[in-house]
Amino acid sequence: MSPFVNRLNTLVTFAVLLLAILCAGASFLDCFHSPAVQANVEVLKVNRFRRQLTGNDEVLLTLNMSIDLQSAFSWNTKQVFVFIAAEYETEKNAFNQISLWDLVISDKHHAKFETQVTSKYLLIDQGSNLRGKRVDLVLHWHAMPITGRMILGKIPVSSFQLPKAYT
Ligand SMILES: *[C@@H]1O[C@H](CO)[C@@H](O)[C@H](O)[C@H]1NC(C)=O
């Protein structure tokens with residue numbers, strides 16, 4: 001190898017090593033970043049509760065939410081994906097999880113908000129098990145980093161009971 005190529009080789013090796021250390025460091029620092037996410041999410045109204053022609057129960061809800069995900073952002077966060085899941089148990093499945101609403105938040109300044117929305121997605125059961133069913137609402141978030149691993153978090157926000165009869 002010529003002295004020049006040799007020196008270039010050393011330089012590139014050093015640069016790659018440095019980058020690897022920086023990435024590991026960024027990811028490592030994230031381990032010490034424990035977010036204190038706050039959220040209040042409640043069902044304001046059951047807009048629709050019926051059995052579809054296919055035999056599956058279908059529910060449309062209005063949610064009142066007050067969410068503060070600012071603490072899920074660190075300097076190493078690219079964006080945060082947040083969703084509200086309805087979680088419940090049936091005889092058929094021990095765990096059912098259905099996303100009702102979601103959002104991609106791309107900066108900290110938009111991570112705190114209050115809103116009342118009709119759920120983006122219908123709650124559709126595999127079957128007709130929802131009359132009188134107790135359902136938990138859980139806020140989940142996935143913090144996608146610039147470098148390092150994705151950080152997953154969740155907090156239960158509220159529970160509600162569906163009507164005993166279709167509307
Ligand atoms: C919605 O939630 C906020 C905060 O959690 C609360 O102050 C407000 O009264 C709620 N609105 C309704 C209509 O329940």
Side-chain angles (χ1 to χ4, degrees), residues 26-27 29-146 148-167:
S27 186
L29 279 176
D30 265 348
C31 297
F32 294 104
H33 178 81
S34 64
V37 168
Q38 297 201 341
N40 231 314
V41 180
E42 292 164 347
V43 172
L44 277 185
K45 196 173 162 215
V46 178
N47 300 298
R48 193 158 83 222
F49 179 32
R50 68 176 183 201
R51 191 188 315 207
Q52 296 178 331
L53 291 175
T54 53
N56 293 331
D57 279 356
E58 166 193 297
V59 186
L60 181 67
L61 300 166
T62 299
L63 301 172
N64 181 22
M65 54 179 99
S66 154
I67 294 175
D68 183 354
L69 275 160
Q70 285 180 313
S71 61
F73 280 80
S74 73
W75 62 277
N76 187 33
T77 307
K78 190 159 75 183
Q79 62 185 27
V80 173
F81 174 69
V82 54
F83 67 98
I84 294 170
E87 300 183 354
Y88 60 94
E89 197 183 313
T90 54
E91 273 175 33
K92 200 162 158 191
N93 304 303
F95 182 64
N96 297 273
Q97 184 187 57
I98 292 161
S99 176
L100 300 177
W101 174 90
D102 59 18
L103 185 68
V104 174
I105 305 170
S106 49
D107 73 281
K108 192 173 176 169
H109 304 293
H110 292 109
K112 187 177 176 183
F113 53 89
E114 277 187 35
T115 180
Q116 291 168 14
V117 291
T118 304
S119 56
K120 225 160 143 176
Y121 312 109
L122 290 169
L123 164 48
I124 297 173
D125 186 41
Q126 288 181 306
S128 53
N129 308 293
L130 296 184
R131 278 162 295 171
K133 177 66 66 186
R134 185 156 196 84
V135 177
D136 297 321
L137 295 183
V138 181
L139 182 90
H140 295 256
W141 68 90
H142 299 172
M144 300 173 192
I146 295 163
R149 68 197 167 86
M150 187 156 78
I151 298 167
L152 309 184
K154 65 172 179 178
I155 43 172
V157 283
S158 62
S159 297
F160 68 102
Q161 192 175 15
L162 281 162
K164 294 208 167 66
Y166 298 116
T167 55

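These numbers come from a predicted model, not from an experiment. Side chains are part of it too, since the values below use all heavy atoms of this structure and drop only hydrogens, waters and symmetry mates. Both counts, for ligands and for their atoms, begin at 1 and track the order of listing.
Heavy-atom contacts of L44 reach the following atoms of ligand 1: 12 (C), 13 (C), 14 (O) (cutoff under 4.0 Å). Per-residue contacts place Q116 under 4.0 angstrom from the following atoms of ligand 1 (heavy atoms of the residue considered): 11 (N), 13 (C).
Between the side chains of T90 and D125, no donor-acceptor pair of N or O atoms lies under 3.5 Å. Side-chain contact of Y88 with N129: a donor-acceptor pair under 3.5 Å is absent, judged by distance alone.
What sits closest to atom 4 (C) of ligand 1 on the protein, heavy atoms only, is S66 CB, 4.1 Å.
Heavy atoms of M65 come nearer than 4.0 angstrom to ligand 1 in no pair at all.
Considering backbone and side-chain N/O atoms, N64 comes within less than 3.5 Å of an N/O atom of ligand 1.
Counting only heavy atoms, the protein never gets under 4.0 Å from atom 9 (O) of ligand 1.
Taking the six-membered ring for Trp and thresholds of 30 and 60 degrees, F83 and H140 have nearly parallel ring planes, at less than 30 degrees apart.
Surrounding NZ of K112 are at most 12 heavy atoms belonging to other residues, nucleotides or ligands under 6.0 Å away. For CD of E58, the number of neighbouring non-hydrogen atoms (other residues, nucleotides, ligands) closer than 6.0 Å is greater than 12.
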